[in-house]
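A short worksheet on the structure shown next.
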Amino acid sequence: MARQEGRATARVPALIVHGGAGADPAEGRAELREGVRVAAAAGWGVLAGGGSAVDAVEAAVRVLEDHPGFNAGRGSVLTSAGTVETDASIMEGDRLSCGAVAAVAGVANPVTLARRVMETGRVVLLAGDGARRFALATGVPECDPASLITERQLARWRERTQAAEPVRGTVGAVALDRAGTVAAATSTGGTAGKLPGRVGDSALIGCGTYADSSLGGVSCTGSGEAIIRVVLARRALDFLKEADDAAYAARVAVDLLVEEGRGDGGLILIDWRGHIGHATSTPLMPVAWMFPALAEPCIAF
Ligand code: ASP
């Protein structure tokens, strides 16, 4: 299929969000449900008002970054040094425009910083201190890095349970707007107890995030190194191209992650017609989605 074919006519919008494949089922299930519901509603508000898929995924991911119960923005897991370093990426599928930030400290909404990087049109990925300086230059608010550390994550870090049992809860969103544009975004604090400077899949286009409006969009979560090994987000769209079935593409992509990538995780996906797919190899991945026919976001977990 040529890239532009899927965009000839107006589309019925759709949006899906996830709250990470490593969410702990024993802990705060209701809180996670409410979190993904509010995020889906925020993204949907943008689409329903005629807004763009990029605005919708940014809005949805910002809600989850601000929520202390998810591993992104405030509430991120801590590095081995007890600090927060976040990764995020965003992609718009018409022109394959994309932007990402990696190992950034002191930015509460890394997805917005990733969007600013995308908007430069010249750079795709900015890391570390350079990303933080770029935030200053482009008016993305900085914050005290300590303000992103929650009591819950600090207690985990102090107990040193993180190294033995990685806690994950990355967030992401994929949307299709009325103009037929697909966008995807992912944001994370990474893996608990990670080495400072470690960058995971969520900052890497094609691995944690991908969007092509002629095919669809994907946001991944799970073992970042395994996701990188199999270039999971882009591979999921290849499966979609072969089978033209969103649910199937999500499932076989997760199988690929487990079998070839030797890791665990999940992903959400929307195809160019607005069909959704989601799958995970872990016990729990909070997911919520919206279509015009639904009065409230549908929550699956
Ligand atoms: N994929 C993220 C990372 O490795 C973690 C996660 O999704 O929970 O940084």
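Heads up: numbering here begins at 1 and tracks the sequence. When a ligand or atom number is given, it counts from 1 through the structure's own listing order.
Taking His275 as the reference, nothing meets the ring pair (Phe, Tyr, Trp, His ring centres under 6.0 Å) condition, with sequence neighbours excluded.
Under 4.0 angstrom from ligand 1, there are no non-hydrogen atoms of His18.
Here Lys194 does not pair with Glu225 in a salt bridge; the nearest charged N to carboxylate O distance is not below 4.0 Å. Between Arg62 and Asp66 there is no salt bridge, since no side-chain nitrogen of the basic residue lies less than 4.0 Å from a carboxylate oxygen of the acidic one.
Between atom 3 (C) of ligand 1 and the options Asn71, Asp201, Thr188, the minimum heavy-atom separation is to Asp201.
Taking a 4.0 Å cut-off on heavy atoms, Lys194 fails to register as neighbouring ligand 1.
Thr186 and Ser202 share no side-chain donor-acceptor pair at under 3.5 Å.
Remark: ligand 1 and Asp87 share no N or O pair separated by less than 3.5 Å (distance only, no angle test). Backbone and side-chain nitrogen or oxygen atoms of Gly200 are examined, and none is located within less than 3.5 angstrom of a nitrogen or oxygen of ligand 1. Close N/O approach between Gly222 and ligand 1 is found [any backbone or side-chain N/O within under 3.5 Å].
Hydrophobic clustering of Ile, Leu, Val, Met, Phe, Trp and Tyr side chains at less than 4.5 Å, counting indirect connections, keeps Met285 apart from Val38.
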Quiz: residues 293-301 side-chain donor-acceptor pairs under 3.5 angstrom, not counting sequence neighbours:
from: Glu296; atom 1: OE1; to: Arg37; atom 2: NH1; distance (Å): 3.4

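Applying the 4.0 Å criterion to heavy atoms of Thr221 picks out, from ligand 1, the atoms 6 (C), 7 (O), 8 (O). Each of the following atoms of ligand 1 lies closer than 4.0 Å to a heavy atom of Thr170: 2 (C), 5 (C), 6 (C), 7 (O), 8 (O).
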